[in-house]
Structures are given as structure tokens and as C-alpha cells.
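Treat the numbers as computed from the prediction; the structure is a model and nothing was measured. Because only heavy atoms are used, hydrogens play no part in the values below, and waters and symmetry mates are left out as well, while side chains stay in. Both counts, for ligands and for their atoms, begin at 1 and track the order of listing.
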Amino acid sequence: MVLGKGNLLKNKHTNMEIEEYKMKLLGKDRLREVIDLQQHVYDNLPNKDVLYMDSYEDMLSDMEEGAKVIGVLNSRNRIIAYRYIAFPGRDKRNMGYDIGLSPDELNKVVHLETTVVDPKYRGNDLQSLTLGAAKKMVTQQGYNHFLCTVSPYNFFSLYNIMKNGLKIKALKRKYGSSEDGDDGLWRFILHSDMQKNILNPVDLVISKWANLEMQRDLIEQGYIGYEIHKDSQQLNYIKFEEANF
Ligand SMILES: CC(C)(COP(=O)(O)OP(=O)(O)OC[C@H]1O[C@@H](n2cnc3c(N)ncnc32)[C@H](O)[C@@H]1OP(=O)(O)O)[C@@H](O)C(=O)NCCC(=O)NCCS
């Protein structure tokens, strides 16, 4: 099934070329290529901490339990970007637990897991395009809570995710192997509830993007990271009359 198609720019800032793309759900038969692209993107990252790598085995078993991978294919049918989404149900990895979501809502949670774009194809808004396709697909199936993690050091991803309406609800270490998770990587947890409107704001605080200590204090006091400004790299934290979940 084709989820979208159009033109994009390859090598936008060097030898620019226009190329056709198609967006499709990928089958398990293309998982090796997905993992290869993830490795290529990781190898090219200046700060490796921003991308938590999924293994072939974990993704395969997740796909067997219903997880989906939306792929963007270039004119030669090569995967140039993908978005992996999962439905954790009541499993303990459900990030609904991290933000205090009511237990009745856990079955309506979608995890926006990993997204990568081949460096040659960056700047075509593919992170947002694949998110739009994912939202359309899963809201039709009755899911309304979107949750994801983003590294506080990954400005491009944070900006794109917040542009698409997800709000910062927690800042903690994730993916650690110790029992208390203290050896994990710092991650914002972002959430949006497609069924709920934002309630009355009571206070606004502006934080520098990189000031993690201040952001943690604000979240503890009940503020939500509401929007981020590209030029100033400032984040607006807002407190609402009641929490919006
Ligand atoms: C985050 C990511 C998916 C965004 O890719 P994208 O959808 O192509 O990004 P956008 O189209 O929004 O890019 C907007 C601008 O930022 C630039 N940009 C995007 N990601 C960039 C990066 N990692 N490094 C430098 N510049 C980047 C683009 O070139 C573009 O610049 P332009 O407007 O001058 O052309 C991509 O950077 C990536 O694959 N990063 C590594 C993996 C990752 O961090 N994934 C998210 C966590 S799972």
C-alpha cells in the first residue's frame, strides 16, 4: 500500500537533484535494509548518544507483534528513511507509565520509536511526513496517545517532534541496563493526546534549550514543554490549570 508519493531533493546543499519518492509500509523482508540504514546514519552522527540503536532481532519480534515500519523509497526502490512505530499495550516499556497516564489509556498508546533519514536526503521534512502518515494510519485504528523519546542534545528531532504537536512531559534516563536505569541516556519524553484539547494556561516560563536542570525543575513543578523556537533555541514551558492527560 502506498501511503504517499512525490518529489524530493537529494544532496540539497551540494549537487542538488530532484528525485521521486514513495512512502510505504515495509515488510519483514526489508528489515535487513532498515538496520543497514540505521547503521549508516549512526556512523555519520557526531554525537552517537542521540540515537539508541534497535537490533534486528528486537525489531523483528516487535513487527511480529504488530509494530509497523513506514519506509521512504527513492526512485531506485532504496530505503532512504523510515519511521518505526510500536503498540506497547500493557507491557512495562509503555511510556504511558513514565508520564502517569491512566491505566485505561495504555492500550491506546502508540510509541514513535526510531526515525532516521539518510544524510543525503535531509531537509525534505521526511521526519514530519512519515509522522503525518503514521498519525493518519493509527488514529483510524483508535489509538490517540502518541509518545516518544528525544535526546535533549538532538535539536533537529526535538524541533520536528514539537512542531507536530507533541509536548515535553518528562526528562529522565532511559534504555539503561541497571535496575534503577541510572546508566541510561538522558531523554525527554514527549506526548500528545489527539482527543484532548489544551486547557487554560496559568503560567509561562522560558528556558534555554540546553538548560536541562531548569527544565527538570519545571517539569517537577507541573510545567509542560510546550513549544520550541528555531532561531533562539528557546523552549516555552507552560503550566495549565490541570494536567492535560
Ligand atoms: C532527525 C532527522 C530524522 C531529521 O531529518 P529531516 O526530516 O530530513 O530534517 P528536516 O527536513 O526537518 O531538516 C530541516 C533542516 O535541518 C537540517 N538537518 C536535519 N537533520 C540534521 C542533522 N542531523 N544534522 C545537521 N543538519 C540537519 C536539514 O539539512 C535542513 O536544513 P535546510 O533547511 O537548510 O535544508 C535526521 O536528522 C536524522 O536522521 N538524524 C539522525 C537520527 C535521529 O536523530 N533520529 C531521531 C531520533 S530516533
Side-chain angles (χ1 to χ4, degrees), residues 3-4 6-19 21-23 26 33-55 58-59 62 67-74 78-86 88 93 95 98 110-135 146-166 168 170-175 184-192 209-210 225 227-233:
L3 301 171
N7 291 320
L8 45 71
L9 299 176
K10 182 180 179 185
N11 296 322
K12 198 172 168 189
H13 296 287
T14 52
N15 304 319
M16 190 164 76
E17 285 172 45
I18 297 182
E19 209 176 332
Y21 78 88
K22 278 195 183 121
M23 200 170 11
L26 301 178
E33 289 168 78
V34 163
I35 296 293
D36 288 349
L37 176 60
Q38 176 184 236
Q39 187 65 51
H40 175 66
V41 167
Y42 181 81
D43 292 342
N44 281 281
L45 279 176
N47 176 0
K48 311 284 185 213
D49 275 2
V50 304
L51 182 63
Y52 177 76
M53 298 275 277
D54 301 301
S55 72
D58 285 351
M59 276 187 84
D62 214 10
K68 304 273 181 240
V69 181
I70 297 173
V72 180
L73 306 157
N74 73 0
R78 194 168 69 74
I79 302 168
I80 55 160
Y82 70 83
R83 171 174 293 284
Y84 161 29
I85 59 173
R93 74 181 167 138
M95 288 186 270
D98 293 305
V110 183
H111 277 183
L112 305 170
E113 305 280 359
T114 320
T115 301
V116 306
V117 175
D118 183 324
K120 288 195 190 74
Y121 292 89
R122 294 216 177 123
N124 285 289
D125 217 16
L126 291 179
Q127 185 174 13
S128 291
L129 271 177
T130 54
L131 178 54
K135 271 189 185 169
F146 290 81
L147 277 150
C148 71
T149 61
V150 178
S151 160
Y153 308 106
N154 196 349
F155 182 79
F156 297 104
S157 185
L158 185 62
Y159 178 79
N160 282 338
I161 287 291
M162 294 189 79
K163 184 175 86 177
N164 281 284
L166 280 86
I168 298 174
L171 172 56
K172 60 195 297 187
R173 286 187 189 272
K174 294 288 281 180
Y175 315 123
L185 302 165
W186 279 111
R187 287 294 185 261
F188 285 124
I189 297 178
L190 293 105
H191 166 248
S192 89
W209 163 58
E227 58 189 351
I228 188 164
H229 295 280
K230 201 165 201 173
D231 297 334
S232 58
Q233 297 202 330

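Checked by atom type and distance alone, the side chain of Asp118 pairs as donor or acceptor with a backbone atom of Lys120 at under 3.5 Å. Side chain of Thr130 to backbone of Gln127: a donor-acceptor contact under 3.5 angstrom is found. A donor-acceptor contact shorter than 3.5 Å links the side chain of Asn44 to the backbone of His40. Asn124 contributes no side-chain N or O that, together with a main-chain N or O of Leu8, makes up a donor-acceptor pair within less than 3.5 Å. No donor-acceptor pair closer than 3.5 Å links the side chain of Asn164 to the backbone N or O of Ile161.
Using a 4.0 Å cut-off to heavy atoms of Val41, the atoms of ligand 1 that qualify are 41 (C), 42 (C). Taking a cut-off of under 4.0 Å to the non-hydrogen atoms of Val116, the atoms of ligand 1 that pass are 39 (O). Shown in contact with Asn124 at under 4.0 Å from a heavy atom are these atoms of ligand 1, numbered in order with element: 11 (O). For ligand 1, the atoms lying closer than 4.0 Å to a non-hydrogen atom of Thr114 are 48 (S).
Checking Arg83, Arg93, Lys174, Lys68 one by one against Glu113, the salt bridge (Lys or Arg N to Asp or Glu O under 4.0 Å) holds for a single residue, Arg93. Checked options Leu126, Thr114, Leu73, Ile70; the residue passing with Tyr82 is Thr114 (criterion: side chain to side chain contact (heavy atoms under 4.5 Å, CB included)). Test Asp54, Thr115, Asp62 against Tyr84 for side chain to side chain donor-acceptor pair (under 3.5 Å) and you get one pass: Asp62.
When only non-hydrogen protein atoms are considered, atom 7 (O) of ligand 1 lies nearest to Gln127 N, 2.9 Å. The nearest protein atom to atom 31 (O) of ligand 1, hydrogens excluded, is given as His13 NE2, 4.0 Å; this is a heavy-atom distance. For atom 33 (O) of ligand 1, the closest heavy atom belonging to the protein is Lys12 NZ, 3.8 Å. Nearest to atom 11 (O) of ligand 1 among the protein's heavy atoms is Asp125 N, 2.7 Å. Here the heavy atom of the protein found nearest to atom 12 (O) of ligand 1 is Asn160 ND2, 3.0 Å.
Looking at ligand 1, you won't find any N or O of Glu113 less than 3.5 Å from one of its N or O atoms. Residue-to-ligand polar distances place Gly123 within reach of ligand 1: an N/O pair is separated by less than 3.5 Å. The N/O atoms of Thr115, backbone and side chain alike, include one that comes under 3.5 Å of an N/O atom in ligand 1. For the pair Arg122 and ligand 1, the shortest N or O to N or O distance falls below 3.5 Å. When only interatomic distances are considered, the shortest N/O to N/O separation between Phe156 and ligand 1 does not fall below 3.5 Å. Between Asn154 and ligand 1, an N or O atom pair is found at a separation short of 3.5 Å.
When heavy-atom distances to ligand 1 are checked against a 4.0 Å cut-off, Leu45 comes that close only through its side chain, counted from C-beta outward. At a heavy-atom distance under 4.0 Å, atoms from both the backbone and the side chain of Val117 approach ligand 1.
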Practice prompt. For side chain to side chain contact (heavy atoms under 4.5 Å, CB included), just list the numbers for Met162 and Ile168, CA-CA rounded to whole Å, side-chain angles, deciding distance to a tenth of an Å, and then say yes or no.
Written response: CA-CA 8 Å; Met162 294 189 79; Ile168 298 174; 4.1 Å; yes
Fill in: Evaluation steps, side chain to side chain contact (heavy atoms under 4.5 Å, CB included), between Gln39 and Met53
CA-CA 8 Å; Gln39 187 65 51; Met53 298 275 277; 3.3 Å; yes
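Note that atom 15 (C) of ligand 1 has no protein non-hydrogen atoms nearby, at separations under 4.0 angstrom.
With rounding to the nearest 0.5 angstrom, the NE2 atom of His191 is 12.0 Å from the CG atom of Asp98.
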